[in-house]
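Notes follow once the structure below has been shown.
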Number of protein chains: 2
Amino acid sequence: MRNIKLTIAYDGTRYNGWQRQNNTDHTIQGKLEQLLQRMTGEEIEIHGSGRTDGGVHAHGQVANFHTNTGMTREEILSYMNEYLPQDIVVLDVKDASSRFHSRLNVKRKTYCYHIWNSPIPDVFTRKYSCQVPEPLDIRAMEQGASYLLGTHDFQSFCARKKMKKSTVRMIESIQIEKQGAEILLTYKGNGFLYNMVRILTGTLIEIGKGERKPEEIPMILEAKNREAAGPTAPASGLFLEQVDY
Amino acid sequence: MRNIKLTIAYDGTRYNGWQRQNNTDHTIQGKLEQLLQRMTGEEIEIHGSGRTDGGVHAHGQVANFHTNTGMTREEILSYMNEYLPQDIVVLDVKDASSRFHSRLNVKRKTYCYHIWNSPIPDVFTRKYSCQVPEPLDIRAMEQGASYLLGTHDFQSFCARKKMKKSTVRMIESIQIEKQGAEILLTYKGNGFLYNMVRILTGTLIEIGKGERKPEEIPMILEAKNREAAGPTAPASGLFLEQVDY
């Protein structure tokens, strides 16, 4: 049996996130599985590298599925892009080894959060960014971010109150770039908890506004309590950029 | 009486273009006039630098209107951006001289056409570009564009069959830039006829595909016949960038 690895981009605006919940919901996984079943005539289950929340976008989500189809990679790509809705696109199709699993084999994930930092909204990126009208102190945000690097228990930055599994994760880098009115926060790490990137961003935005000091980050980590951290930044600004294996 | 000059950006996707046609239509001018009447309590007529077609976007449309309001420029800006729909935004408000007219005083207009040049669509710019799957020969397009520079009768590039007024215009520059899969065509000139930028672009795309030779441009200009030129490129890729006075 073949194990097909897909790289997928989507505009998450219209969807209730990645994960299928039932057969009538509006999810990315659901749309892909429906189409693959039609394409192959088989019962297909697709595994994503992880869930993305409702409204979150992807430039490079990865997913895999098993099939006996005889279609070439090019045929799969063009069939899928012909029939997928306009806001989901398959960027790449590869044959992976039989042991490859999109979620279990993740080495590194890259997320990017887009802030539109201006009192005047931007009509073209309004669905793909979060507007912050107040000026942001990038240096303070970078200083705050530096305390987050490395291996920590990120329970304070997790939306789920009771996690049975470990909430320890390793953040490799957080890069903050300003390009005109746009500020991009790029997070690389071995994995991220539920809502973690959005809560990290909400907390760094508070630091940028001067509502919180960079030096508070270690205390927030130690608290292991969601209420110690800042608000969850809106889904619209978040992109799953890349998944490395 | 004050003469207020507005600089406006809009996502044209949802609108039937700039120009108000009746009181119930869905146009940029209509939305702005409705709001300004509510804001000032006066009967307001707004003059744009020119019409944009349905689906065409603007990064810097300019419009002016006369009013007796005592509001400051900052108050007008924030009132308008609070109540305008999310896909229209006022970037700047200035007091202009009483003689200033957005359309009659135009010195130069800049339009930008966005091509997504890849067999794989882009979900994030699908409403703000036109996809061309075939490879495009940029050098040939530049050569074709060079024949369009200067003062010519552009009747072949005008969608209206019978123009009572002159169809002579001056194109100052056409810049073609490739940034990854995106190709940007930037047109600067003293004025453009109805659909002219879209027909120029449709013709340059044919040249880029090799369906037409760059050397055909002089013959197309001489023909003074719409049928001699290429197709009208889709509205979604076109942006009114800037208007200079």
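Chain letters run A, B, ... following the sequence lines, proteins first, then strands; residues in each count from 1.
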Practice task
Quick one: closest heavy-atom pair of B:V123 and A:D11, and the distance?
Solution key: CG2-N, 3.7 Å
Handout entry: A:R51, CZ: over 12 other non-hydrogen atoms inside 6.0 angstrom
Key = no
Exercise for the section: Flag the pair B:D92 / A:I120 as yes when at least one side-chain heavy-atom distance between them is below 4.5 Å, and no otherwise. Expected result: no
Completion exercise
Cut-off 4.5 Å, heavy atoms of chain B, and the answer for A:I88 is backbone
Exercise for the section: Return yes when atom NZ of B:K178 has more than 12 non-hydrogen atoms of other residues, nucleotides or ligands closer than 6.0 Å, and no otherwise. Expected result: yes
Practice task
Kindly compute the distance separating OG1 (B:T125) from CZ (A:F124), expressed to the nearest 0.5 Å.
Solution key: 12.5 Å
Fill in the blank from the handout: Smallest heavy-atom separation, B:R126 atom then A:Q86 atom, equals CD-O, 3.3 Å
Practice task
Please state whether the side chain, the backbone, both or neither of A:Y128 comes within less than 4.5 Å of a heavy atom of chain B.
Solution key: side chain
